[in-house]
There are 2 protein chains.
Amino acid sequence: MGYDVDVVNTVNFSNHTGYGYFGGTKTTAEELSKIFDSMDKTGVLTATRLLTGYIPNAAALDVVHHLARKLKARNPNLIYLLDTVLGDAGKLYVAADVIPVYRKMLPLATIITPNWFEVETLTDIKLTDLASLRGALVKLHTVYQVPNVVISSIPLSRIAPSVPPHLLPLRPINGVARNGVSPPSALPDEQQYLICIVSSLNHVPSEATSPISTVYARCVPLISGYFSGVGDLFSALLLGHFHPASTGSVHNSACTSPLATATAHALSKTHAILSLTHLAASAESLPATDDELDAQESERITRRMKGRELRLVQGQDVFRSKDPVEPMIVWEGFWQE
Amino acid sequence: MGYDVDVVNTVNFSNHTGYGYFGGTKTTAEELSKIFDSMDKTGVLTATRLLTGYIPNAAALDVVHHLARKLKARNPNLIYLLDTVLGDAGKLYVAADVIPVYRKMLPLATIITPNWFEVETLTDIKLTDLASLRGALVKLHTVYQVPNVVISSIPLSRIAPSVPPHLLPLRPINGVARNGVSPPSALPDEQQYLICIVSSLNHVPSEATSPISTVYARCVPLISGYFSGVGDLFSALLLGHFHPASTGSVHNSACTSPLATATAHALSKTHAILSLTHLAASAESLPATDDELDAQESERITRRMKGRELRLVQGQDVFRSKDPVEPMIVWEGFWQE
């Protein structure tokens with residue numbers, strides 16, 4: 001995409017952990033600190049954008065917090081995408097002591113990209129319906145002062161009854177169809193959807209009647225199976241496509257916001273890479289999910305994981321494409337009780 | 001270029017060492033070994049090509065030697081580009097104990113890319129004329145059994161009198177011009193040239209009259225100033241563009257060899273990136289070389305080094321280009337006394 005990136009690795013592993021076995025080292029907090037301090041001393045700590053992702057423990061995250069504070073203090077226009085990597089589907093995959101550190105870091109972020117479980121963990125609000133979703137967004141926008149929130153994926157079935165029909169996919173999902181007719185039973189996994197919701201704080205100082213934020217949404221068909229690195233791909237694309245409007249401009253809900261535009265690109269391109277990967281894996285007849293058979297045949301997990309490695313290099317034209325993508329759709333009336 | 005690469009870092013530094021200050025860690029031999037062993041155990045140690053570059057000490061190089069042996073034993077068609085990084089311009093920049101390890105590794109290599117100083121160090125032959133150059137190539141091809149040798153850069157002035165006129169650049173260099181007329185004095189640095197010489201072992205079993213190898217050469221104008229990573233860029237491009245002919249085929253000196261084709265691409269593309277970088281640095285009025293002034297103004301080296309960071313991302317179209325490049329020229333009669 002043309003960005004010149006300084007990469008600092010927080011782990012140096014032989015392979016991603018989805019393979020079930022890996023070796024190598026985690027970069028310690030001291031090592032990270034030394035690298036950032038040396039970059040500073042050398043005069044190359046001048047990034048205008050910052051992306052942080054998986055950081056395995058609170059001590060390392062503290063160092064990253066310090067870095068973000070320093071960069072923001074030097075450049076108030078720093079664009080910081082904070083990917084609050086905590087876990088998924090109800091399970092933490094970092095140490096629990098990182099949660100309070102992430103909460104302290106939220107006010108530094110330009111954009112955060114939690115999944116639904118991470119929203120729940122950060123806000124202490126269970127996402128069960130539209131009211132709880134509103135509550136969580138209010139908390140992130142006001143208590144934690146995050147201007148741009150992207151809830152990257154909520155299983156549509158969790159909130160489908162609250163979603164306006166024009167935001168739903170054409171095909172029916174879990175009993176809820178765009179035409180209001182319920183099918184007799186739940187549909188198979190392949191036809192399930194995720195919904196991505198983005199919310200940008202409205203910069204309108206004292207108009208009590210204005211909603212706190214403008215919300216957009218888009219449903220994406222779920223591609224079944226586990227793929228490693230999808231969140232990293234999505235957040236990198238989102239930051240790459242984010243071009244903020246001039247400060248203080250009012251979001252006009254009739255046109256698309258910088259956040260919605262960036263998210264539309266990130267969703268479409270991530271989906272394109274996943275589809276490419278899925279197709280390539282299918283061509284090699286690699287099974288979709290078969291945990292039981294893995295236990296019987298130890299090479300099976302390696303074959304499957306290798307088949308599922310995101311086809312980033314093979315799909316490089318996806319990243320370079322300037323083609324228009326399916327837009328996010330504004331969720332009119334999101335804030336109306 | 002479409003290759004899916006597993007990168008294993010041998011150092012994790014804040015910046016390259018040309019800045020004069022850096023922080024971070026070297027990957028220890030134990031850590032490297034653990035990463036390769038874990039890749040093997042996971043089942044992802046299946047590379048068909050291997051590129052190794054700067055490795056700071058003999059213990060780490062031993063681990064890389066072990067890796068290369070293992071990959072070669074599994075796959076005799078492994079294409080291994082061994083960049084024997086030892087030093088430049090008469091000065092070692094690795095520990096001297098890596099030299100014997102590199103010598104042991106040479107028979108595993110498909111291609112090596114020493115500069116003239118590294119050829120001298122590996123062969124113990126001083127490159128002063130055509131005879132010593134022949135001697136060094138014979139030693140690398142026979143004693144060390146390297147099929148493809150690319151001497152990436154020899155200052156043309158060192159061997160210019162031995163170079164046939166049709167291989168010389170159009171402009172005169174250091175007293176030797178294509179038309180045989182000597183200019184009155186040496187020309188300034190900007191007009192100096194490097195010569196790149198490639199030599200592929202001829203696979204002709206028992207024809208005593210055949211020369212041991214086919215040699216190609218090309219002169220490249222020297223871009224003055226220090227750029228970090230040029231050797232890494234060149235060797236990566238060379239490996240990427242190397243497409244070996246079917247085993248046992250005889251090189252026909254009338255057409256180009258796989259090695260000469262790959263080298264032509266690597267030279268042209270490296271030169272294009274250097275030119276782009278030089279132009280960008282000039283546009284920012286960054287000084288070319290000014291060691292004395294650096295001492296007076298500590299930020300000066302940072303400014304210059306940042307200006308000299310290779311414009312790899314900005315020049316990505318260079319790498320994707322399918323345009324024809326200036327070919328290497330066969331050095332007819334290289335082996336004729």
Side-chain angles (χ1 to χ4, degrees), chain A residues 1-28 30-46 240 277 280 297-307 309-317 319-320, chain B residues 1-28 30-46 240 277 280 297-307 309-317 319-320:
Chain A
M1 293 176 68
Y3 290 96
D4 213 341
V5 178
D6 293 326
V7 179
V8 179
N9 292 320
T10 55
V11 297
N12 293 285
F13 286 171
S14 57
N15 47 266
H16 70 67
T17 57
Y19 283 88
Y21 182 86
F22 62 95
T25 53
K26 295 181 184 183
T27 311
T28 65
E30 292 69 33
E31 286 166 347
L32 279 179
S33 184
K34 178 76 182 159
I35 286 173
F36 296 139
D37 288 350
S38 300
M39 288 177 74
D40 201 9
K41 192 161 168 188
T42 309
V44 297
L45 200 62
T46 56
T277 305
E297 194 198 334
S298 66
E299 282 173 23
R300 198 181 163 88
I301 188 168
T302 295
R303 276 213 314 281
R304 194 174 71 236
M305 283 298 145
K306 281 174 83 168
E309 289 288 356
L310 297 181
R311 295 320 198 252
L312 299 175
V313 171
Q314 297 84 344
Q316 58 183 294
D317 287 338
F319 304 123
R320 295 170 61 93
Chain B
M1 293 176 66
Y3 291 95
D4 213 340
V5 179
D6 294 326
V7 179
V8 179
N9 292 320
T10 55
V11 296
N12 293 285
F13 286 171
S14 57
N15 47 266
H16 70 67
T17 56
Y19 284 88
Y21 182 87
F22 62 95
T25 53
K26 295 181 183 184
T27 311
T28 65
E30 293 67 33
E31 286 166 348
L32 279 178
S33 183
K34 178 76 182 160
I35 286 173
F36 296 139
D37 287 351
S38 301
M39 289 179 74
D40 201 8
K41 192 162 167 185
T42 310
V44 297
L45 200 62
T46 55
T277 304
E297 193 197 335
S298 66
E299 282 173 25
R300 196 182 164 87
I301 187 168
T302 295
R303 276 213 314 281
R304 195 176 69 234
M305 284 297 145
K306 281 174 84 167
E309 289 287 356
L310 297 181
R311 297 315 199 255
L312 299 175
V313 170
Q314 298 84 343
Q316 59 184 293
D317 287 338
F319 304 123
R320 296 171 61 92

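Below, read A as the first sequence line, B as the second, and so on, with proteins coming before strands; counting in each chain starts at 1.
- The distance from the CG atom of Asn12(B) to the CG atom of Asn12(A) is 4.5 Å, given to the nearest 0.5 Å.
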Apply side chain to side chain contact (heavy atoms under 4.5 Å, CB included) to residues Glu309(B) and Val44(A) and explain how you reach the verdict. CA-CA 11 Å; Glu309(B) 289 287 356; Val44(A) 297; 5.7 Å; no

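- Neither the backbone nor the side chain of Phe36(A) has a heavy atom closer than 4.5 Å to any heavy atom of chain B.
- Within the 4.5 angstrom heavy-atom criterion, no atom of Thr27(A) approaches chain B.
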Steps toward side chain to side chain contact (heavy atoms under 4.5 Å, CB included) verdict (Arg320(B), Asp317(A))
CA-CA 11 Å; Arg320(B) 296 171 61 92; Asp317(A) 287 338; 2.9 Å; yes

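- Heavy atoms closer than 4.5 Å to chain B are found in the side chain of Asn15(A), but not in its backbone.
- For Thr42(A), the parts lying under 4.5 angstrom from a heavy atom of chain B are both the backbone and the side chain.
- Chosen from Leu312(A), Leu45(A), Ile35(A), Val5(A), the residue pairing most often with chain B at heavy-atom distances under 4.5 Å is Ile35(A).
- When each of Lys34(B), Met39(B), Lys41(B) is checked for a side-chain contact (heavy atoms from CB on, under 4.5 Å) with Ser14(A), only Met39(B) meets the rule.
- Proximity to chain B is absent for every atom of Asp40(A), based on heavy atoms less than 4.5 angstrom apart.
- For a residue to count as touching a neighbouring chain, one of its non-hydrogen atoms must lie under 4.5 Å from one of that chain's; by this rule Asp37(B) does not touch chain A.
- Of the atoms belonging to Tyr21(A), heavy atoms from both backbone and side chain fall under 4.5 Å from chain B.
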